[in-house]
Amino acid sequence: MDSNKRPETMERITTPELAAAFIDEQVAAVREQVGDKKVLLALSGGVDSSVVAALLIKAIGKQLVCVHVNHGLMRKNESESVIKMFKEGLDANLIYVDATDHFLDLLAGVSDPERKRKIIGKEFITVFADEARKLEDITFLAQGTIYPDILESMKAAEGKKAVKSHHNVGGLPEDLQFELVEPLKLLFKDEVRVVGEALGLPHSMVYRQPFPGPGLGVRCLGAITRDRLEALREADAILREEFDKNGLAEKVWQYFIAVPDIKSVGVKDESRYEGWPAIIRAVNTTDAMSATIEEIPYEILHHITHRITHEVPGINRVLLDLTPKPIGTIEWE
Ligand code: XMP
């Protein structure tokens with residue numbers, strides 16, 4: 001039987017009871033596969049890698065070594081909350097690598113979106129591989145592969161052309177070949193979330209909106225600079241806070257700020273104030289192939305605009321993106 005093919009008889013995991021049965025099965029399978037050996041995992045803090053981490057901690061505890069690489073393109077407080085949840089909450093064996101300066105130095109002056117993606121993806125592997133080399137006795141590599149990833153790789157193998165190079169992590173270098181542990185590889189995203197909740201991960205974490213691998217790097221449009229990236233991070237945090245407060249976070253599939261590399265003239269304290277615009281994008285979709293725009297009440301938009309323009313240094317306008325996909329992709333880059 002092809003272990004990468006979901007059996008037609010496999011029941012969809014929709015309830016805590018079905019999730020508990022799946023977890024028991026996978027805990028036993030992982031213990032059997034791994035024995036007393038060590039397993040390495042790149043823990044981004046996204047839903048898939050977090051659920052894998054929680055599952056493996058349940059199965060093998062400290063035999064799992066998690067590495068969280070901060071590429072400097074995370075949302076506000078994101079790395080801190082990964083550390084808090086896994087190190088403090090689940091007592092994970094977690095290594096934190098702050099590679100912010102390294103990534104931002106490499107990206108300086110690079111404006112082409114695909115080159116930015118390639119640099120971030122390639123460097124991510126390099127930093128992760130460097131950490132892996134420092135560790136001894138690692139036999140396995142765990143990955144948060146889910147069934148749509150497998151279906152997509154099959155399509156790619158058939159030679160279909162992609163609009164953007166979404167795949168973030170390629171293979172590790174030759175000298176680091178581990179056996180894979182992929183406990184979620186036959187699950188769809190909705191099932192991963194049910195399993196995540198059954199493992200005790202917080203609802204807000206398990207149902208969080210998707211976040212691209214290159215992070216804020218594809219939202220700080222054109223060549224990334226530290227000051228514009230910081231403005232984007234702060235504006236994005238305000239947008240998320242207001243969406244949470246107003247019940248939009250649960251309702252809208254993906255929402256974020258993009259900041260282009262242009263400045264307009266404004267006025268502040270009776271003086272000329274040049275600044276960047278913050279562009280709000282909020283979309284709904286089922287499969288990310290097409291998307292519609294969420295209609296955000298004007299009152300909320302006004303409040304967000306006021307907060308961003310008053311609280312974020314460098315931003316002097318707020319714009320709303322009304323473009324569906326197609327013709328606009330969800331991300332600007
Ligand atoms: P687009 O912009 O192609 O986005 O309409 C569709 C979905 O994919 C996400 N996205 C990415 N995810 N690496 C990722 O992991 C990427 O390079 C990447 N680019 C876009 C995007 O956030 C949306 O959810």
Side-chain angles (χ1 to χ4, degrees), residues 13 15-31 34 36-100 124 127-128 131-132 135 138 140-146 169 181-184 187 189-211 213 215-216 233 236-237 240-241 243-245 249-250:
I13 302 172
T15 64
E17 292 73 31
L18 289 168
F22 173 84
I23 292 165
D24 286 346
E25 205 177 275
Q26 287 304 318
V27 163
V30 168
R31 285 184 184 151
V34 168
D36 59 1
K37 302 281 192 317
K38 283 195 192 152
V39 182
L40 184 64
L41 170 72
L43 177 61
S44 66
V47 179
D48 305 335
S49 69
S50 297
V51 174
V52 169
L55 183 62
L56 294 192
I57 289 168
K58 189 175 170 75
I60 55 169
K62 294 257 160 101
Q63 281 166 255
L64 175 72
V65 184
C66 302
V67 176
H68 176 70
V69 176
N70 179 359
H71 49 24
L73 304 164
M74 308 288 276
R75 288 170 291 195
K76 191 172 177 179
N77 293 333
E78 204 160 25
S79 286
E80 291 82 349
S81 66
V82 171
I83 295 168
K84 195 158 185 260
M85 185 182 314
F86 285 95
K87 205 161 187 156
E88 293 171 22
L90 295 177
D91 195 24
N93 198 350
L94 171 67
I95 298 168
Y96 172 62
V97 186
D98 184 358
T100 301
F124 191 88
V127 173
F128 180 68
E131 283 310 307
L135 299 164
I138 302 281
F140 295 91
L141 179 73
Q143 286 189 339
T145 313
I146 64 171
V169 182
V181 179
E182 297 176 302
L184 309 180
L187 301 193
K189 195 80 177 190
D190 53 317
E191 300 178 293
V192 174
R193 297 191 208 276
V194 179
V195 169
E197 277 206 296
L199 282 163
L201 293 174
H203 182 88
S204 57
M205 201 266 124
V206 168
Y207 284 88
R208 73 212 298 246
Q209 56 168 327
F211 186 60
L216 299 182
R233 200 183 329 264
D236 185 68
R240 287 196 291 139
E241 199 184 308
F243 267 47
D244 269 336
K245 255 197 251 165
E250 295 269 309

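When reading the values below, keep in mind they use all heavy atoms of this one structure, side chains included, and skip hydrogens, waters and symmetry mates. Residues take their numbers from the sequence shown, with the count starting at 1.
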Within this structure, what is the [atom1]-[atom2] distance for the pair [X] and [Y], rounded to the nearest 0.5 Å?
X: S79; Y: D98; atom1: OG; atom2: CG; answer: 7.5 Å
X: D236; Y: R233; atom1: CG; atom2: CZ; answer: 9.5 Å
X: K38; Y: L135; atom1: NZ; atom2: CG; answer: 7.5 Å
X: L216; Y: L73; atom1: CG; atom2: CG; answer: 6.5 Å
X: S49; Y: L184; atom1: OG; atom2: CG; answer: 10.0 Å

So do the side chains of [X] and [Y] get within less than 4.5 Å of each other, counting heavy atoms only?
X: L40; Y: F128; answer: yes
X: E191; Y: F22; answer: no
X: L141; Y: V39; answer: no
X: Y207; Y: R193; answer: yes
X: V82; Y: L43; answer: yes
X: S44; Y: F211; answer: no
X: N70; Y: T100; answer: yes
X: V67; Y: L41; answer: no

Check whether [X] reaches the backbone of [Y] with its side chain - one donor and one acceptor, N or O, closer than 3.5 Å.
X: E78; Y: R75; answer: yes
X: R208; Y: G45; answer: yes
X: T145; Y: E182; answer: no

Quiz prompt | Derivation of the side chain to side chain contact (heavy atoms under 4.5 Å, CB included) call for V65 and I138 | solution = CA-CA 9 Å; V65 184; I138 302 281; 4.1 Å; yes
Quiz prompt | Residue among V52, V206, V51, D190 satisfying side-chain contact (heavy atoms from CB on, under 4.5 Å) with V195 | solution =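 Looking at V52, V206, V51, D190, the match for V195 under the side-chain contact (heavy atoms from CB on, under 4.5 Å) is V51.
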Quiz item: For I23 and L55, what are the C-alpha separation, side-chain angles and deciding distance, and is it a side chain to side chain contact (heavy atoms under 4.5 Å, CB included)?
Solution: CA-CA 7 Å; I23 292 165; L55 183 62; 3.8 Å; yes
Quiz item: Does Q63 have any side chain to side chain contact (heavy atoms under 4.5 Å, CB included) partners at least two apart in sequence or in another chain, and if so, which?
Solution: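 Side chain to side chain contact (heavy atoms under 4.5 Å, CB included) check on Q63 returns V34, I60.
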Quiz item: side chain to side chain contact (heavy atoms under 4.5 Å, CB included) with A54: which residues, sequence neighbours excluded?
Solution: L90, L199, L201
Quiz item: Of all residues at least two apart in sequence or in a different chain, which pass the side-chain hydrogen bond (donor to acceptor under 3.5 Å, both in side chains) check with K245?
Solution: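 E242.
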Quiz item: Taking only residues two or more places apart in sequence, or in another chain, which ones meet D24 in a side-chain hydrogen bond (donor to acceptor under 3.5 Å, both in side chains)?
Solution: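 D24: no side-chain hydrogen bond (donor to acceptor under 3.5 Å, both in side chains) contacts found.
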Exercise. Scan for ring pair (Phe, Tyr, Trp, His ring centres under 6.0 Å) pairs involving residues 44-82, sequence neighbours excluded, and state none if there are none.
Key: H68-Y96, H71-F103
Quiz prompt | Heavy-atom pair with the smallest gap, counting every atom of R31 and A59 | solution =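 That closest heavy-atom pairing would be NE-O, 2.8 Å.
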Quiz item: What are the two closest non-hydrogen atoms of E197 and H203, and how far apart are they?
Solution: OE2-ND1, 3.0 Å
Quiz prompt | Pairs involving residues 84-95, ordered by first then second residue, that meet side-chain hydrogen bond (donor to acceptor under 3.5 Å, both in side chains) (sequence neighbours left out) | solution =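 Residue pairs with at least one partner in residues 84-95: K62-D91.
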Exercise. Using a cut-off of 6.0 Å, state whether more than 12 heavy atoms not belonging to K189 lie near its atom NZ.
Key: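 Counting neighbours around NZ of K189, more than 12 heavy atoms of other residues, nucleotides or ligands fall under 6.0 Å, so yes.
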Quiz prompt | side chain to side chain contact (heavy atoms under 4.5 Å, CB included) assessment of F140 paired with K37 | solution = CA-CA 8 Å; F140 295 91; K37 302 281 192 317; 3.8 Å; yes
